[in-house]
Asker: 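Sending over a structure as structure tokens; questions will come in a sec.
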Amino acid sequence: MPHPSSAFLGTLEQDLTSLLSSSPQGVLSVAVPCLCLLTDKLTRNYAKLIRLFRSCVLQLYKEQRAISGGAKSTASPKNLMRFIVLGGLMSRHFDFEGHQEQLREHFKELEMLAKGSAIGIMNDLLLFYATPQHPTPVQLAAIQMLGQLHIKRPGLALEARTRGMMDRIFASGTAHHKLQVLRNFLEFLRADAKQLTTREQEDRYMEREVDAKALIGDTGGMSEAGVGASLMQTYLDRIIDATFVANAAPLRAAGFEVISHVLEQGLAHPLKCMPALIALCTSSDPYTRTRSLKLHQELNFKYASFIHSRDLEGVRQAYEYQLLVCGRAEDVEGYDSCVDSREQSERPSAYLQFLYTLSRNKRSRRNELLGLLVKTCDPDPSSTTRKVFDRADIPFVRFVAENISALEFKYLDEVLHVIYQISAAIASSGLSLYHQFEAEASTKDETADHTSRKEQQWRQSTEESVCISILFVLREFLKAHYGISEARCASYDPNNSAGVRDKAVTWHALSDRGRLDWSAFPSAVRCMESTADYSAQRARFQRMMAESLATSQESPMLADGDAHLPPDACSDASGGVLAGGMALDAEEMEMLSLDGLDSIP
């Protein structure tokens, strides 16, 4: 309506005011902004709005004084929540400070209650009602309205009392309290982005005058513009922690939205969010996964030089995320069931396929990622990955191995490089464990009574043997499905691989449905609990190593089927090298073969 009558405006104002006394909060969140806008732009009935605000503040003050004096609460939580919501919404949507000088007569009664601005008075009250001494619904309403005040006056979000409240909630608050804080952050970031877009549009179509205050050093407006970045940098770690909480889907969704806005608006260094973003790319929720993948691709395009430096932590975070979803480590797999059910392929898909796809185009980066994934499975304490992860984390190692097995390799060089890295781990950690087990068996230390420290070391070394066993299974799996002989593996040199670098490789479907078979090593799936379980794993590991050595002594490493290999490849394969250039230092190492895996019971 271009020119509404005063009677119509008065009726509309009266109808909106009547809604405030009995409507639910969803209606209030719409009615209050309408009433404030109507009063400010059309009716100019400031006295009525100020009286309404003063009534809310007065009721909240009365309740505060009663509680502070040791008396019980006289108002019902429902009424308190209504006063809190009305006061908070009016503080955000009406400029009380801008009218306070002009309408001082109407503010006199409010000034008798407390000194300061209307927003400052409301902020003090809301912080009081957000404390744990009040009922949870009252606390949540107060926290929500604090978020409204922070949108109106961003500087309030960085005050010591406000930060203390949020620190307490992130440290010991319930999921509902954390969810409300995350929603406050999200609404704040959305409002901040909207204001920034509005300012950019105004600057584009209007010529602004030079701001003299800014030139002489008055940067109050600029400081408020940076509150969002400061707030996110302060609480980003706790936001990420709150996002990955078990059995809290709403909390996870809100946390993801906040992280997405932080990355899109550039409010924090992208590396801080990368592990969480990689984990969220494995989500079963289509919206979360699609948006996470898009963000990851954009960051990879913008910051390709350093964005991959936390990929390994992202892999770990992805495993922990799947553990939250599945509930038990035994149920976590590296195969992406969502993609498998959608595409119905003859081979499974890897959760980490997106990560590998981004790295595939650059050989150095691709090989670095493959090497890091394999080294994650290596229990060698000197490995760089051990600085990040616990040793012998069997479910995590299995998760990584299953991901590697399901990656879509296109070139022979990719597969051979994985096998080369696995062989290096077996040649160092695997054979070291094998000799250690033999020495312990010869002294009968394995069956003797152990001290607690020796028992712990004995169990730890057994768990490490499971990790090596997983690598054995993965190595044989890749050889079988890509049709690669032992001789070809032995002849591979990552520093001189021009012959296989661009050679395509074909996946062969077998009876295992493209999945790693753990029947030979059940400890890879089922947790070892008793001493008998540990002893059985040791026996399987020793038998596997011994049969591999025996097999290699009975038949030469180069079979007749490999006669087409070049002479240099044959010399490398028969010269004491374990599948990829790793030199061995004993006769049994020199003849070590991995072809005896199928005979392990």
Side-chain angles (χ1 to χ4, degrees), residues 4-66 74-75 78-130 138 141-156 159 162 191 220 224:
S5 65
S6 57
F8 172 77
L9 293 177
T11 303
L12 181 59
E13 186 178 53
Q14 184 62 37
D15 291 341
L16 288 172
T17 305
S18 62
L19 289 175
L20 306 184
S21 60
S22 58
S23 301
Q25 184 173 341
V27 176
L28 294 180
S29 62
V30 178
V32 172
C34 289
L35 179 60
C36 292
L37 186 63
L38 181 68
T39 302
D40 190 35
K41 301 297 183 182
L42 296 173
T43 66
R44 314 289 182 180
N45 194 359
Y46 303 122
K48 185 175 183 179
L49 194 64
I50 294 171
R51 285 197 304 269
L52 179 61
F53 178 74
R54 186 179 59 203
S55 299
C56 294
V57 171
L58 182 61
Q59 294 297 326
L60 293 175
Y61 259 121
K62 286 181 179 179
E63 190 66 18
Q64 181 188 30
R65 288 173 180 174
T74 57
K78 186 176 181 180
N79 288 335
L80 273 179
M81 291 170 60
R82 184 173 298 278
F83 295 138
I84 287 172
V85 170
L86 288 174
L89 290 175
M90 283 190 286
S91 297
R92 176 187 173 182
H93 294 285
F94 184 75
D95 186 12
F96 287 103
E97 293 182 351
H99 297 86
Q100 191 163 356
E101 290 296 329
Q102 303 173 6
L103 307 170
R104 183 164 294 278
E105 289 295 324
H106 301 288
F107 281 92
K108 279 186 177 180
E109 191 171 342
L110 184 62
E111 292 174 349
M112 292 174 62
L113 294 175
K115 294 182 179 181
S117 65
I119 289 183
I121 294 172
M122 200 65 206
N123 184 62
D124 293 340
L125 288 169
L126 292 177
L127 286 172
F128 172 77
Y129 286 104
V138 174
I143 295 170
Q144 182 181 7
M145 291 304 106
L146 280 169
Q148 299 294 310
L149 262 62
H150 297 162
I151 295 173
K152 181 72 172 181
R153 182 72 63 77
L156 294 174
E159 286 189 352
T162 305
E224 287 199 347

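These numbers were taken from a predicted model, which means no experiment stands behind them.
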Asker: Taking C-beta and beyond as the side chain, do Phe83 and Ser55 meet within less than 4.5 Å on heavy atoms?
Answerer: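 Heavy-atom side-chain distance check fails, nothing below 4.5 Å.
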Asker: With heavy-atom distances below 4.5 Å as the criterion, would you say the side chains of Ile84 and Gln144 are in contact?
Answerer: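 Result no, sub-4.5 Å side-chain heavy-atom pair not found.
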Asker: Taking all atoms of both residues into account, what is the closest heavy-atom pair of Ser91 and Gly87, and its distance?
Answerer: OG-O, 2.7 Å
Asker: Atom CD in Gln148, atom CD1 in Ile119: separation rounded to 0.5 Å?
Answerer: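 Those atoms lie 11.5 Å apart.
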Asker: For Ile143 and Ala130, work out which heavy atoms get closest and say how close.
Answerer: CG1-CB, 4.0 Å
Asker: Sorted by first residue and then second, give each salt bridge (Lys or Arg N to Asp or Glu O under 4.0 Å) pair with at least one member in residues 120-130; sequence neighbours left out.
Answerer: Asp124-Arg161
Asker: What pairs with Arg92 under salt bridge (charged side-chain N to carboxylate O under 4.0 Å, His left out), at least two apart in sequence or on another chain?
Answerer: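 Per chain and number, Arg92 pairs via salt bridge (charged side-chain N to carboxylate O under 4.0 Å, His left out) with Glu187.
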Asker: Over all heavy atoms of both residues, which pair between Met145 and Val85 is shortest? Give the atoms and the distance, please.
Answerer: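 Taking Met145 first and Val85 second, the nearest heavy atoms are SD-O, 3.6 Å.
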Asker: Indicate the atoms forming the closest heavy-atom contact of Ile151 with Ala191, along with that distance.
Answerer: CG2-CB, 3.8 Å
Asker: Give, for atom CE of Met90 and atom SG of Cys56, the distance between the pair rounded to the nearest 0.5 Å.
Answerer: 4.0 Å
Asker: Indicate the atoms forming the closest heavy-atom contact of Leu19 with Ala31, along with that distance.
Answerer: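 So the two residues come closest at CD1-CB, 4.4 Å.
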Asker: Nearest 0.5 Å, what's the CD-CG distance between Glu159 and Leu127?
Answerer: 8.0 Å
Asker: So, do Gln59 and Asn79 sit near enough that their side-chain heavy atoms are less than 4.5 Å apart?
Answerer: no
Asker: Quick check: do Phe94 and Val32 have side-chain heavy atoms less than 4.5 Å from each other?
Answerer: no
Asker: Would a distance-only check, ignoring hydrogens and angles, find a side-chain to backbone donor-acceptor pair under 3.5 Å from Ser21 to Ser18?
Answerer: yes
Asker: Is there side-chain contact between Cys36 and Thr39, with heavy atoms separated by less than 4.5 Å?
Answerer: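 No, side chains not in contact.
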Asker: Report yes if the side chains of Leu60 and Met122 come closer than 4.5 Å at any heavy-atom pair, otherwise no.
Answerer: yes
Asker: Determine yes or no for a side-chain-to-main-chain donor-acceptor pair under 3.5 angstrom, with Tyr129 supplying the side chain and Gln64 the backbone.
Answerer: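 Confirmed, Tyr129 side chain pairs with Gln64 backbone.
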Asker: Hey, does Leu20 have a side-chain heavy atom less than 4.5 Å from the side chain of Leu35?
Answerer: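 A side-chain contact exists here, since the closest heavy-atom pair is under 4.5 Å.
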Asker: Measuring from atom CG of Leu9 to atom OG1 of Thr43, what distance do you get when rounded to the nearest 0.5 angstrom?
Answerer: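 It comes to 7.0 Å.
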Asker: So, the side chain of Thr162 versus the backbone of Leu156: is there a donor-acceptor pair under 3.5 Å, distance only?
Answerer: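 It does hold such a pair.
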Asker: Out of curiosity, Leu52 CG to Arg54 CZ, how far, rounded to the nearest 0.5 Å?
Answerer: 10.0 Å
Asker: Quick one, Asp40 and Asp95 - any side-chain contact, counting heavy atoms below 4.5 Å?
Answerer: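 Side-chain contact under 4.5 Å: no.
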Asker: How many angstroms lie between atom CG of Leu126 and atom NE2 of His150, to the nearest 0.5 angstrom?
Answerer: 8.5 Å
